[in-house]
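Taking it in order: structure first as structure tokens, then the write-up.
Because the structure is a prediction, the values reported are computed rather than measured.
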Amino acid sequence: MELEKNYNAKDTENKWYNYWQENGLFAPKEDRSQKPFTIVIPPPNVTGILHMGHVLNNTLQDVAIRYHRMKGRPTLWIPGTDHAGIATQNRVEKDLKKEGKSRYDIGREALVKRIWDWKKEKGSLIIEQLKQLGCSCDWSRERFTMDKELSHAVKKVFIHLYEKDLIYKGKYIINWCPRCETALANDEVEYTDQKGKLWHIKYPFEDGSGYIVIATTRPETMLGDVAVAVNPSDQRHKEYIGKNVILPVMNKPIPIIADDYVDKEFGTGCVKITPAHDPNDFEVGIRHDLKQLLVMDQNGKINENGPAHLQGLDRFEARKKIIEQLTEENLLEKVEDHDNSVGHCYRCDTVIEPYLSDQWFVRMKPLSHRAIKVVEDGEVRFVPERWTKVYMHWMNNIRDWCISRQIWWGHRIPAYYCSNCQGVQVAMDTPAECPVCHCKEFSQDEDVLDTWFSSWLWPFSTLGWPQKTADLEYFLPTSVLITGYDIIYLWVARMIMATLEFENKIPFDTVFLNGLVRDKQGRKMSKQLGNSPDPIDIIDKYGADALRFSMIFNTPKGQDSYYSDEIVEIGRNFCNKIWNAFRFIVMNIENIDGLPGNLHFDLADKWIYARLNQVTKEVDEHYKNLRFNDATQELMHFIWDEYCSWYVEMAKEKFYNEKDSEILLTTKYVLLDVMQQAMRLLHPVMPFISEEIFQLIKQIFPIEDQACIIATFPVIQPEMIDNQVLSTMAVLQETITVIRNLRKQINISPALNVDIHIKLANDTQHQLFLEYDGYVKKLAKVGKITMGVDLEKPASSIVAVAGDIQIYLPLQGLIDIEAEKTKLEKQKDKLEAELKVIHGKLSNDNFINNAKPEVIAKEKEKEEEVATKLNTVLYVIESLG
RNA sequence: GGGUGCUUAGCUCAGUUGGGAGAGCGCUUGCCUUACAAGCAAGUGGUCGGGGGUUCAAGUCCCUCAGCACCCACCA
């Protein structure tokens with residue numbers, strides 16, 4: 001076996017991804033007697049390009065999936081993409097614009113066709129990127145929210161809800177994006193604080209007796225004013241109620257009315273009422289039976305209801321002109337600075353306009369009750385738990401959901417209007433005949449449904465609903481949903497409601513909410529800021545394993561994390577470390593001539609197995625409890641600090657000095673065995689390098705599993721966790737470290753072997769060191785060791801203490817006695833302080849009476865240990881003179 | 001106005017029923033030691049945001065204050 005000096009991620013990753021796919025290893029094991037582990041992917045937008053948020057989210061899902069697959073459960077990860085109505089249409093319209101055309105130039109049918117063409121050509125980009133990341137989805141089950149079957153499900157759902165009177169059509173003020181020319185749901189509006197103005201405008205009384213002043217932040221909407229409102233209890237304005245004022249610019253009379261909605265403290269206490277352009281004014285308008293006068297068109301331009309000189313002007317242009325005119329006419333009393341938060345379209349960032357229009361709504365309250373109950377009852381659990389509160393709050397204050405969108409790309413609303421009597425029918429297909437007037441001509445509603453109206457069906461629509469498929473029966477409820485906390489309302493809550501309503505089941509029992517990935521400065525990664533690196537570049541440079549490992553290593557459960565290229569180096573370096581450890585094994589094992597007939601475990605072998613089993617136990621639990629970053633920490637520590645830095649180094653000693661072939665074979669066996677087990681533990685996080693090494697080991701070591709991806713996860717062997725071995729090894733390790741420390745103190749060349757004396761505390765220790773002095777010599781670069789229980793300190797030597805062991809390093813040359821003493825004094829002070837604390841506790845009756853017995857026992861044990869160390873140090877200080 | 005999260009080493013952050021302050025990176029020193037300089041070895045570094053309380057014992061529980069970030073509602 002010839003291995004490169006540095007790990008080559010690129011070739012390895014392609015090779016194994018293809019292998020897994022060609023061998024169908026992503027598909028769930030066919031064993032329907034076992035409970036499956038299932039995840040549905042949060043479907044990325046077809047227009048999407050992989051960003052760091054996707055990397056984190058999908059890596060987390062893949063880790064969970066790979067872990068459970070190795071644990072032997074039938075495991076399914078259902079992938080797919082979302083048609084993302086507005087985003088996708090915008091994307092294609094942008095291309096159109098380059099050709100100088102708008103969607104109206106080519107018409108609905110042509111546009112939709114063009115978007116489908118675009119989807120076929122470019123829509124799988126993000127899927128390909130997920131594959132590069134290593135995602136082990138069952139691609140044979142990939143779905144798209146506008147697949148024929150899913151569209152069918154959407155229609156079914158719409159009709160079901162309509163027939164239950166849970167969908168209705170109504171005229172309401174909605175959030176309108178004049179650029180996208182569509183309604184937006186409340187959740188699709190992003191508010192940002194802006195420095196604005198508060199204009200104080202005089203509205204003269206019709207009878208010429210003066211004026212009142214209203215304050216507004218959006219003067220252009222005054223064109224649609226139909227009244228001025230004051231609070232009925234406001235003494236300042238009481239006398240004006242019922243009078244008319246002349247609406248400036250429009251020059252028409254409007255009444256002054258009284259309504260509790262008006263806040264006496266704000267502005268002038270007088271509010272202009274514009275029912276067609278403000279949600280609160282809309283409510284006031286209903287209460288007072290006022291006209292709803294629209295003064296803008298769908299592009300935010302002043303329409304025919306405005307005065308001739310303003311018609312066709314953009315709303316902000318119109319605002320300017322109106323202010324100019326008011327100033328000229330001396331109707332502008334003053335202008336104040338005023339900060340308020342302004343809604344923006346979450347897709348294109350245009351300022352949204354509250355706008356009166358016909359829209360379809362879902363009544364949410366009736367759907368929310370069960371969705372609240374399943375969370376209350378713990379059937380659906382949020383991780384981290386704090387999100388439960390957030391979810392509950394929203395659910396308890398839920399509002400109706402505006403589901404119609406005035407775009408062309410999406411599921412068209414299955415409502416048909418009779419061409420003759422305008423009667424509406426909601427149906428799967430165009431109705432044959434109008435039941436009222438028997439007309440046979442219909443036109444379908446022009447609007448499409450909100451993208452989330454298909455997403456909220458995702459956990460069951462992907463499994464074949466409304467067909468009663470075997471998959472639906474078997475895989476639903478799914479196991480865990482892993483997604484970002486920013487879509488709890490938009491998606492998670494709605495899936496819970498939909499799945500309960502249509503399948504009478506919960507969609508998943510656990511919702512794991514991962515944090516957001518931010519840049520180094522703490523800003524959210526976003527397209528606009530351009531601060532998200534392209535993960536594919538990172539994968540090309542460092543490897544997918546490196547990226548995956550680093551993202552998880554860096555991301556505590558449910559917290560936001562900060563990304564920078566440097567963190568990926570952690571993963572890259574770790575890959576290389578593993579690679580080289582394996583390379584070392586291969587270099588020493590090429591001549592392996594069979595497995596040992598009998599295994600001869602020495603301390604090092606027993607120790608690494610003890611640790612392997614401890615680590616297996618912990619990592620297993622971390623994966624199970626979705627504590628992924630803890631798992632990575634544990635694995636890195638074990639592989640790097642224990643396997644490489646101690647076990648491999650100790651193996652070297654045997655390779656160089658041991659003659660017994662059985663012992664040599666045992667060492668090779670343990671090196672390979674621990675490595676292959678470590679690869680299994682690591683696989684969920686670093687699937688590629690673990691598979692590569694696993695397969696290479698398989699060539700020279702008996703492994704039954706076909707591949708690491710479907711290998712069994714290591715099973716804990718508790719009898720291997722030998723505490724005696726662990727503590728003995730700790731003594732050896734400490735001794736070696738202390739010797740290294742001594743060498744360093746007096747600058748002994750690393751190339752030089754030194755002679756040392758070791759004074760042991762008892763015969764058992766003496767035996768131990770006689771047996772394992774080779775390890776001390778190898779790992780601490782020691783030549784000759786003189787040891788014994790009754791050893792005198794050699795003249796002119798420096799001393800160090802490891803537990804109850806004393807180590808003397810004789811010096812030919814000079815030593816700095818004072819420096820030695822200072823160091824030992826420091827050690828003494830620390831031990832004394834520690835001992836004082838322990839004595840304090842043990843002499844405290846309250847402690848003795850209240851603390852748990854095992855805590856007290858532990859404390860006594862510690863007292864003894866510290867006292868011994870202290871005595872040793874004191875002895876050494878004294879012997880220095 | 002309502003709510004959530006965060007505040008621990010120079011930086012980024014772990015710390016799961018209260019009982020020995022940790023990691024990665026950085027920094028210092030010495031090493032290209034035949035697996036790895038993407039490395040090895042030895043070190044430096046913290047009154048766990050302030051104050052109060054509960055307890056034999058608090059980074060950990062409670063109260064309070066401060067700073068930072070975010071969410072929801074409202075904003076004429």
Side-chain angles (χ1 to χ4, degrees), chain A residues 3 5-7 186 191 193 196 198-200 214-218 221 228-229 261-263 266-274 278 280-281 338-342 384 386-387 389-390 393-394 397 485-486 488-489 515-516 518 520 522 524 542 546 550 553-562 564 566-567 569-570 572-588 625 627 629-630 633 636-637 644-645 648-649 652 737 740-745 747-751 779-781 834 837-838 840-841 844-852 854-856 858-859 862 866:
Chain A
L3 301 181
K5 189 171 165 185
N6 285 328
Y7 173 61
N186 289 334
Y191 290 90
D193 284 337
L198 192 59
W199 284 275
H200 292 245
I214 61 94
T216 179
T217 54
R218 294 190 302 154
T221 62
V228 168
Y261 149 70
V262 180
D263 178 355
F266 191 92
T268 59
C270 305
V271 187
K272 59 194 269 312
I273 299 296
T274 324
D278 183 280
N280 290 307
D281 294 5
H338 178 72
D339 296 345
N340 64 342
S341 71
V342 177
R386 66 187 133 91
W387 295 110
K389 243 184 175 171
V390 176
H393 183 261
W394 187 76
N397 295 284
Y485 60 72
D486 48 341
I488 293 180
Y489 311 138
L516 305 178
R518 299 172 180 280
K520 239 181 157 175
K524 203 166 154 175
Y542 297 100
S550 293
F553 186 79
N554 197 242
T555 304
K557 187 169 87 174
Q559 296 289 355
D560 290 355
S561 61
Y562 297 86
S564 65
E566 294 98 79
I567 70 144
E569 291 182 8
I570 300 168
R572 189 266 318 258
N573 294 353
F574 186 38
C575 276
N576 200 48
K577 184 74 188 176
I578 295 167
W579 180 250
N580 275 288
F582 181 64
R583 206 167 138 244
F584 166 80
I585 299 175
V586 168
M587 291 169 105
N588 288 283
N625 298 325
R627 302 193 62 100
N629 69 318
D630 288 343
Q633 303 253 7
M636 184 150 109
H637 173 64
C644 291
S645 295
V648 170
E649 291 306 315
K652 281 180 186 172
T737 301
R740 286 167 170 171
N741 185 326
L742 275 182
R743 299 176 58 110
K744 179 75 184 168
Q745 269 181 64
N747 280 325
I748 295 175
S749 158
L779 272 67
K781 288 288 282 181
E834 216 175 312
V837 171
I838 298 168
K841 281 188 190 178
N844 182 342
D845 287 345
N846 285 324
F847 176 74
I848 299 296
N849 296 332
N850 295 317
K852 282 181 275 186
E854 61 265 33
V855 173
I856 297 171
K858 208 171 147 191
E859 210 62 32
K862 209 165 79 185
V866 174

Determine whether any donor atom in the side chain of A:R572 lies under 3.5 Å from an acceptor atom in the base of B:A38, or the reverse, and answer yes or no. yes

Base, sugar-phosphate or nothing for A:N844? Non-hydrogen atoms, less than 4.0 Å. sugar-phosphate

Give a yes/no on whether any side-chain N or O of A:K862 is located under 4.0 angstrom from OP1 or OP2 of B:G19. no

Inspect the contact between A:R218 and A:D278 and indicate whether a charged nitrogen and a carboxylate oxygen are less than 4.0 angstrom apart. yes

Scanning all shown strands, the Watson-Crick or wobble mate of B:A41 with both distances under 3.5 Å is B:U29

A:K852 side-chain N/O to B:A57 phosphate OP1/OP2 under 4.0 Å: no

Is any side-chain nitrogen or oxygen of A:N850 closer than 4.0 Å to OP1 or OP2 of B:A57? no

When we call it a touch if two heavy atoms are under 4.0 Å apart, what does A:E854 touch: a base, just sugar-phosphate, or nothing? nothing

How close or far is atom P of B:C13 from atom CD of A:E566, stated in whole angstroms? 14 Å

Base, sugar-phosphate, or nothing for A:K858, non-hydrogen atoms under 4.0 angstrom? nothing

Pair of N/O donor and acceptor under 3.5 Å linking B:A57 base with A:E859 side chain: no

Is the A:H338-A:F266 ring centre distance short of 6.0 angstrom? yes

Which part of the nucleic acid, if any, lies within contact of A:N397, taking any heavy atom under 4.0 Å across all strands shown: a base, the sugar-phosphate backbone alone, or nothing? nothing

Would you tell me if any nitrogen or oxygen in the side chain of A:K577 comes within less than 4.0 Å of OP1 or OP2 on B:C36? no

So, OP1 or OP2 of B:A37: does either fall under 4.0 Å of a side-chain N or O from A:K5? yes

Could you check whether A:C575 gets within reach of a base, just the sugar-phosphate, or nothing at all, counting any heavy atom under 4.0 Å? nothing

